[in-house]
Asks: 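Encoded as structure tokens, here's the structure I'll be asking about.
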Amino acid sequence: MVHVMLVAYTAITLEVGAEFGLTSNAQRLFPITLTLLVYGAVAVATGYLADRYDALKMLTVGIAIATAASFGIAVSMNYWMLLAFMGVLGVGLGFYHPVGLSYISKVFGPKNRGKALGINGIGGNTGWLLSPIATAFIAVTFGWRWAYVSWGCLGLVFIMLVPVSYTHLTLPTTRVAGGA
């Protein structure tokens, strides 16, 4: 999800530039540059928080922010709105690596941590691979804005799956802690 959203803009840069009348590569590429700068900066703060708060809740907040930003990008009426929502996208996506990797490490423990992180890496790399292809396909077929609507809908699916994750992951802990 995170990698899909990070790479999506690169596949539609020219379409966005044409719509908003952007004449230089610097203007066309600044939205993704801003996203990546914010993404990296937020990771420092979320890494600190990941050691202190519920990681699954933090991941949900991050995906919720990124999902809202995706819908915001889709309805941007001008370049400045696009920049603002791309910055918000960076905030939401910046939750993932420190919080997600911490969560995986806690859930799978030392014996299975490496394998779990490897599988997670495959998922991330698959996102890097498929995002430009899927984004370009959606953009060519329906317009670039629909790519961000699609990624926002995917975010909503992830958010809806969180309660299922909580039920699955917390019941055994509750039983052990409660002595049942």
Side-chain angles (χ1 to χ4, degrees), residues 1-11 32-71 73 85-138 147-180:
M1 177 76 192
V2 170
H3 295 100
V4 165
M5 288 184 169
L6 275 176
V7 179
Y9 183 81
T10 58
I32 191 60
T33 302
L34 175 65
T35 302
L36 292 169
L37 286 170
V38 172
Y39 169 74
V42 167
V44 174
T46 57
Y48 173 81
L49 295 172
D51 294 332
R52 287 152 183 79
Y53 297 101
D54 184 296
L56 192 54
K57 287 179 183 174
M58 287 185 64
L59 286 169
T60 305
V61 168
I63 291 296
I65 293 168
T67 297
S70 291
F71 290 122
I73 291 165
F85 283 117
M86 291 294 285
V88 173
L89 182 67
V91 170
L93 299 179
F95 277 68
Y96 179 70
H97 282 103
V99 178
L101 299 179
S102 172
Y103 178 71
I104 289 169
S105 295
K106 289 174 188 171
V107 169
F108 289 95
K111 284 190 120 182
N112 294 308
R113 183 180 302 143
K115 181 171 79 173
L117 290 170
I119 292 168
N120 179 68
I122 290 169
N125 291 339
T126 302
W128 285 120
L129 172 70
L130 296 179
S131 178
I133 297 165
T135 300
F137 174 78
I138 294 167
Y148 277 97
V149 169
S150 299
W151 304 142
C153 289
L154 184 61
L156 290 175
V157 169
F158 277 99
I159 292 167
M160 288 187 288
L161 290 175
V162 170
V164 174
S165 297
Y166 261 114
T167 302
H168 175 70
L169 293 172
T170 58
L171 282 177
T173 304
T174 304
R175 286 187 196 144
V176 171

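We count residues from 1, following the sequence as given.
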Asks: How close do Leu117 and Ser105 get, heavy atom to heavy atom, and via which atoms?
Replies: CD1-OG, 4.4 Å

Asks: Is there side-chain contact between Thr35 and Tyr9, with at least one heavy-atom pair below 4.5 Å?
Replies: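 Result no, sub-4.5 Å side-chain heavy-atom pair not found.
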
Asks: Return the CE to OG1 distance between Met86 and Thr33, rounded to the nearest 0.5 Å.
Replies: 9.0 Å

Asks: Out of curiosity, Leu34 CG to Phe85 CZ, how far, rounded to the nearest 0.5 Å?
Replies: 13.0 Å

Asks: If you measure from CG on Asn112 to CD1 on Ile104, what distance do you get to the nearest 0.5 Å?
Replies: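 The CG atom of Asn112 sits 12.5 Å away from the CD1 atom of Ile104.
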
Asks: If you measure from CD1 on Ile133 to CD1 on Ile138, what distance do you get to the nearest 0.5 Å?
Replies: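 Reported to 0.5 Å precision, the distance equals 12.0 Å.
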
Asks: Between atom CE of Met1 and atom CD1 of Ile159, what is the distance when rounded to the nearest 0.5 Å?
Replies: 7.5 Å

Asks: As an exercise, state the distance from NZ of Lys106 to CG of Asp51, rounded to the nearest 0.5 Å.
Replies: 6.0 Å

Asks: What closest approach, in Å, do Val99 and Ala55 show between heavy atoms, and which atom pair accounts for it?
Replies: CG1-O, 3.3 Å

Asks: Give every residue pair that meets the side-chain hydrogen bond (donor to acceptor under 3.5 Å, both in side chains) criterion with at least one member in residues 118-138, sequence neighbours excluded.
Replies: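 Residue pairs with at least one partner in residues 118-138: Tyr96-Asn120, Thr135-Trp151.
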
Asks: State, to 0.1 Å, how close Ala11 and Pro132 come at their nearest heavy-atom pair, and which atoms those are.
Replies: CB-O, 3.6 Å

Asks: So which heavy atom on Pro98 is nearest to which on Ala43, and how close?
Replies: CG-O, 3.3 Å

Asks: Side-chain contact, heavy-atom cut-off 4.5 Å: Leu49 with Phe95?
Replies: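 With C-beta onward as the side chain, the pair stays apart.
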
Asks: What I'd like to find out is whether the side chain of Tyr39 reaches to under 4.5 Å of the side chain of His97, using heavy atoms alone.
Replies: yes

Asks: How close do Met5 and Ser70 get, heavy atom to heavy atom, and via which atoms?
Replies: CE-OG, 3.1 Å

Asks: Quick one: are Val88 and Ile65 in side-chain contact, heavy atoms under 4.5 Å?
Replies: yes

Asks: CZ of Phe71: more than 12 outside heavy atoms within 6.0 angstrom?
Replies: yes

Asks: Could you work out, with side-chain hydrogen bond (donor to acceptor under 3.5 Å, both in side chains) as the rule, every residue matching Tyr48, not counting sequence neighbours?
Replies: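 Applying side-chain hydrogen bond (donor to acceptor under 3.5 Å, both in side chains) to Tyr48 gives Arg52.
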
